[in-house]
Amino acid sequence: MILFSSGALKAEDGYRLWLRYEKIENHQLLEIYSGRAEEIVVQSNSPTLMIVRTELQRGLSGLLGHDIPVTRGVTISGAIVVGTPASSPIIATLQLQSELNRLGDEGYLIRSITNSDGALTVIASRGEVGAIYGTFNFLRLLQTQRDITHLNISEKPMLQRRLLNHWDNLNGSVERGYAGKSLWKWSELPGKIDPRYKDYARADASIGINGVVLNNVNADPKQLSTPYLKKAAALADVFRPYGIRVYLSANFGTPKALSGLNTADPLAPAVRIWWGKKADEIYSLIPDFGGFLVKASSEGQPGPQDYGRTHADGANVLADALAPHGGIVMWRTFVYGGMGRAHDRATEAYKEFRPLDGKFHDNVSLQAKNGPIDFQPHEMFHPLFGAMPKTSFVAELQVTQEYMGQSSDLVYLAPMWKEFLESDTYANGKGSTVAKELAASPITGIAGVANTGSDLDWCGSDFAQVNWYAYGRLAWDGNLSADQIADEWIRATWGNNPKVITTIHAMMSGSWQACVNYEMPLGLTDMEEPAKHYDPDPEQFQNYHKADTQGIGYDRTREGSDAISEYASPVGDVYGNLATCPDGFLLWFHHVSWDYKMKSGRTVWDELCFRYNDGVEYVAKMQAEWETLRGKIDAERFDAVQKKLQAQLAHAKNWRDTCIRFFQSINNKPLPALHSDVNKGTV
């Protein structure tokens with residue numbers, strides 16, 4: 001941790017993430033960059049701009065191999081000037097105000113200019129936090145060896161709120177966490193501030209994260225008690241200069257648990273008063289508090305339905321308490337009746353929430369998972385996106401790989417998230433993608449369930465770090481491609497050796513497809529064992545795949561559960577028709593015969609077997625490709641990844657063999673001749 005903060009020594013243990021700032025080995029490029037980084041000019045000592053100054057010193061000294069002087073004004077050509085018109089007289093004279101106003105407080109521009117002082121690189125923003133984002137982007141250009149001689153970059157975030165949801169508990173455990181204990185040492189706060197909190201905030205700021213929900217959605221009421229609010233306030237003080245606001249998950253039953261009230265009924269006057277006073281207390285300690293995340297009337301959590309009230313009734317009482325302070329409520333739509341119920345879980349959130357459109361207050365946003373089941377390897381996009389035009393929505397993604405090998409399996413999630421964001425809801429005609437629907441919401445935002453923990457490498461494995469990185473980059477700019485994000489991360493994390501870049505990129509690019517194949521291909525879902533969600537258990541969840549002697553798949557057409565009707569036309573028409581339904585969602589929407597002929601010409605049974613085997617073969621191929629990098633990657637990280645890949649291969653084989661054996665016990669069909677042509681197409 002000390003090494004990471006000081007930047008004094010090289011430590012290839014994964015702690016430095018994508019902020020390694022290793023010296024550039026290309027001598028020609030090093031000379032060009034050095035001529036464009038002769039001095040650092042930051043004309044303010046505000047906490048945020050001091051972070052900017054320090055980051056530039058750390059980054060440039062590492063990348064260029066020598067210290068860069070810091071000055072109060074330009075003294076030489078090649079200076080880097082960073083700030084706002086309010087903090088920098090130099091930037092104030094450049095007449096950038098109208099452009100900066102269009103970019104907002106978090107946006108920035110990076111521009112190469114030439115004036116009487118010589119050639120300058122200007123990183124300017126209206127708000128100081130924009131200067132942080134611009135600084136990290138500038139350093140990223142050097143890390144990835146881009147041209148910096150003729151810069152003209154203008155960026156602003158796609159969404160207002162770009163959050164990480166930490167499912168961290170007060171006892172230090174992390175629900176669905178695979179990287180050690182919680183980062184937050186509640187027993188030490190507020191008196192002792194772990195230096196790692198600052199390193200965490202720095203990593204978040206480098207990818208544009210601006211909000212952190214500190215605690216588990218299955219919230220302990222004590223989280224809102226005065227002692228724990230003071231602890232949260234101490235974290236908020238650390239995060240604030242990095243542009244990160246603190247949010248808290250609130251247990252809906254907290255008024256009963258903390259105050260002695262005999263009810264948490266949202267329409268009870270005493271409950272309304274209690275929430276108002278609690279909000280006042282929070283903002284007295286955390287003036288920029290972001291708001292509440294709430295899981296209610298779900299999986300045993302208390303909620304408004306305990307009192308015969310609606311989700312809108314529950315959300316609105318909290319929203320009214322936060323409104324005078326500018327806070328919001330993010331109310332999760334993850335509701336279902338429980339395992340074993342005969343009806344379709346994929347339809348339940350829509351049925352509960354769609355009739356409430358227009359009944360939530362303006363500072364309420366519904367938070368819906370990317371799919372209607374539960375962070376499965378491949379889900380159809382949630383039907384609520386685009387279905388409630390009078391209601392704000394925040395999308396919830398899962399960075400931690402709960403159902404995809406956790407911290408053992410190398411699974412690059414950006415392609416999955418891109419498919420989700422680019423899915424066309426047709427809510428307002430063709431082109432109404434999920435990304436556009438989110439951006440058009442009155443409250444715009446996205447939330448990712450974090451994969452961080454106390455492990456030295458932050459995420460439990462070196463390759464799990466890429467999903468933290470990719471989530472932040474996509475939250476900032478959903479138009480970035482998965483390939484571009486991968487290239488950035490590989491270069492920043494593993495270096496610019498062409499062989500290393502090409503090999504790792506090839507490994508990552510098909511890793512999500514491979515995971516889908518070796519776990520739940522063709523739209524199958526929820527076949528993991530129910531406790532740890534790691535190993536397969538297709539027998540336990542037969543209600544989800546509906547395999548019988550005649551066929552397999554969940555009939556969600558109009559003749560089945562009618563989930564298809566929850567999607568706008570023509571989405572429902574395309575997916576509800578066997579002839580036009582994409583292969584990747586065939587068994588999500590249809591129950592088909594084992595002998596049904598697919599587009600490949602194979603039967604469904606043969607195709608399942610081929611897909612399962614292809615997933616395993618891809619992991620074996622990743623193993624072989626990684627071995628070619630021996631000697632080109634530091635030994636510590638090379639060995640760690642090699643062990644993870646060995647575990648992933650065993651995991652993939654277990655899924656393949658267990659599922660094929662189970663389905664074969666039902667259909668009594670012979671196995672096809674398996675082959676090793678890895679399917680590199682889309683799922």
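Note that the structure is predicted; figures quoted are calculated from it, not measured.
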State, with a plain yes or no, whether a side-chain heavy atom of [X] is found less than 4.5 Å away from one of [Y].
{"X": "T549", "Y": "W594", "result": "no"}
{"X": "L397", "Y": "I446", "result": "yes"}
{"X": "W476", "Y": "I207", "result": "no"}
{"X": "L356", "Y": "H311", "result": "yes"}
{"X": "V592", "Y": "L578", "result": "yes"}
{"X": "R602", "Y": "S600", "result": "yes"}
{"X": "S407", "Y": "Q401", "result": "no"}

When you compare the side chains of [X] and [Y], does any donor N or O come within less than 3.5 Å of an acceptor on the partner?
{"X": "Q513", "Y": "N517", "result": "yes"}
{"X": "N210", "Y": "R161", "result": "no"}
{"X": "D487", "Y": "H505", "result": "no"}
{"X": "N218", "Y": "W167", "result": "no"}
{"X": "Q367", "Y": "E396", "result": "yes"}
{"X": "T525", "Y": "E379", "result": "no"}
{"X": "D555", "Y": "T557", "result": "yes"}
{"X": "Y544", "Y": "R345", "result": "yes"}
{"X": "T391", "Y": "D357", "result": "yes"}
{"X": "Y336", "Y": "E299", "result": "yes"}

Would Q550 and H591 count as a side-chain hydrogen bond (donor to acceptor under 3.5 Å, both in side chains) here? Give the steps. CA-CA 9 Å; Q550 299 303 308; H591 186 84; over 6 Å; no

Yes or no on side-chain hydrogen bond (donor to acceptor under 3.5 Å, both in side chains) for H361 and D320, after CA distance, side-chain angles and deciding distance? CA-CA 8 Å; H361 290 179; D320 288 345; 2.8 Å; yes

Using salt bridge (Lys or Arg N to Asp or Glu O under 4.0 Å), reason through K532 and E528 one step at a time and then give a plain yes or no. CA-CA 8 Å; K532 294 184 179 180; E528 69 292 328; over 6 Å; no

What residues form a side chain to side chain donor-acceptor pair (under 3.5 Å) with [X], not counting sequence neighbours?
{"X": "W588", "value": "none"}
{"X": "E402", "value": "R176, Q398, H533"}
{"X": "N216", "value": "N169, E175"}

Quick one: which of I504, L645, V411 gives a side chain to side chain contact (heavy atoms under 4.5 Å, CB included) with F463?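 By the side chain to side chain contact (heavy atoms under 4.5 Å, CB included) criterion, F463 pairs with just one of I504, L645, V411: I504.
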
Surrounding NZ of K599 (heavy atoms of other residues, nucleotides or ligands, distance under 6.0 Å), is the total greater than 12?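 Atom NZ in K599 is crowded, with more than 12 foreign heavy atoms closer than 6.0 Å.
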
Assess whether atom CG of D362 is packed by more than 12 heavy atoms of other residues, nucleotides or ligands within 6.0 Å.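 For D362, atom CG is not crowded (no more than 12 foreign heavy atoms under 6.0 Å).
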
Please report the closest heavy-atom contact between N316 and V364, naming both atoms and the distance.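 Closest pair (atom of N316, atom of V364, distance): OD1-CG2, 3.9 Å.
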
For the ring-ring contact (aromatic ring centres under 6.0 Å, His included) test, which of F385, W512, F381 pairs with F420?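 So, applying the ring-ring contact (aromatic ring centres under 6.0 Å, His included) to F420 and each of F385, W512, F381, only F385 qualifies.
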
Any cation-pi pair here, K369 with F334, using under 6.0 Å and within 45°?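 Checked: cation-pi criterion met.
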
Given Y554 and H590, is the ring pair (Phe, Tyr, Trp, His ring centres under 6.0 Å) satisfied, shown in steps? CA-CA 5 Å; Y554 204 118; H590 300 275; over 10 Å; no

Start with the C-alpha distance between Y518 and D409, add both sets of side-chain angles, then the distance that settles side-chain hydrogen bond (donor to acceptor under 3.5 Å, both in side chains), and finish with yes or no. CA-CA 12 Å; Y518 65 68; D409 291 13; 2.7 Å; yes

Have a look at D344 and tell me which of R556, K546, K351 forms a salt bridge (charged side-chain N to carboxylate O under 4.0 Å, His left out) with it.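 Only match with D344 under salt bridge (charged side-chain N to carboxylate O under 4.0 Å, His left out): R556.
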
